Amino acid sequence: MHEYTSRVRVWGLTCPGFPEEVSRARRWTRDILRGSPLADDAALIVSELSTNALLHTSSGGERGSFHLALAVAPQVIALSVTDDGGGGAPKVEHQDQDAEHGRGLGMVSALAHRVVVQGANGGYTVTAELFVHPRRGDHSC
């Protein structure tokens with residue numbers, strides 16, 4: 001390998017804040033990860049994070065948008081969704097089993113090996129990492 005090339009590949013996509021863009025983000029993720037055993041989990045994570053951005057921040061407003069970043073390295077797939085801000089910090093909420101909302105980030109935390117939230121009121125980025133070959137017992141959030 002050439003000394004100036006990386007084994008990490010990164011893609012980005014900015015979507016307008018329309019609900020139908022969530023399915024576009026999911027398809028985009030599956031297309032990039034085609035053939036990976038983690039493609040379905042990654043698509044579900046992107047769907048949940050994108051939906052949260054639209055429902056809980058200015059991303060779902062008239063001029064809103066959200067940005068996705070997907071990084072693929074030999075040992076990890078990192079999925080990030082950045083919103084337009086205007087909402088509170090994303091957090092896992094523990095809902096009862098009959099609740100219709102509020103479980104998205106909890107599901108992301110259950111699927112991902114690590115979830116990191118960064119940012120402030122100007123916008124948050126939620127990054128979920130899926131380890132390609134996790135070590136036994138290595139599932140932390």
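Source: prediction; values computed, not measured. The figures here come from the full heavy-atom set of this structure, side chains too, leaving out hydrogens, waters and symmetry mates.
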Sequence-distant partners of Ser36, side chain to side chain donor-acceptor pair (under 3.5 Å), two or more places apart: none
Pairwise distance CG(Leu111) to CG(Leu38) - rounded to 0.5 angstrom: 10.0 Å
Within-4.5 Å side-chain heavy-atom neighbours: Val126 and Leu49: yes
All N/O donor-acceptor pairs, side-chain side in residues 15-23, below 3.5 Å, sequence neighbours left out:
from  : atom 1 : to    : atom 2 : distance (Å)
Glu21 : OE1    : Arg24 : NH1    : 2.7
Ser23 : OG     : Glu20 : O      : 2.9

His67 side chain to Asp83 backbone, donor-acceptor under 3.5 Å: no
Sidechain-backbone polar pair: Thr57 side chain, Ala53 backbone, donor-acceptor under 3.5 Å: yes
Leu130/Arg114 under side chain to side chain contact (heavy atoms under 4.5 Å, CB included): CA gap, chis, key distance, verdict: CA-CA 7 Å; Leu130 297 167; Arg114 186 166 73 152; over 6 Å; no
Heavy-atom pair with the smallest gap, counting every atom of Ala25 and Leu13: CA-CD2, 4.5 Å
Donor-acceptor contact present, side-chain Ser59 to main-chain Gly64, <3.5 Å: no
Side chains of Arg30 and Arg34 in contact at under 4.5 Å (non-hydrogen atoms): no
Pairwise side-chain contact, Leu54 with Phe66, heavy-atom cut-off 4.5 Å (strictly under): yes
Beyond-backbone contact of Tyr124 with Thr82, side-chain heavy atoms, under 4.5 angstrom: no
Interatomic spacing from CH2 in Trp11 to CG in Leu33 - rounded to 0.5 Å: 7.5 Å
Phe131 side chain near Glu129 side chain, heavy-atom distance below 4.5 Å: yes
Atom pairs and distances, side-chain donor-acceptor, residues 68-80, under 3.5 Å, sequence neighbours left out:
from  : atom 1 : to     : atom 2 : distance (Å)
Ser80 : OG     : Thr127 : OG1    : 2.7

Check: Gly85 main-chain N/O paired with Ser58 side-chain donor or acceptor under 3.5 Å: yes
Ion pair check, Arg63 and Asp84, cut-off under 4.0 Å: no
Val116 reachable from Val108 in the ILVMFWY side-chain graph, under 4.5 Å edges: no
Thr51 side, atom OG1; Arg26 side, atom CZ - distance, nearest 0.5 Å: 7.5 Å
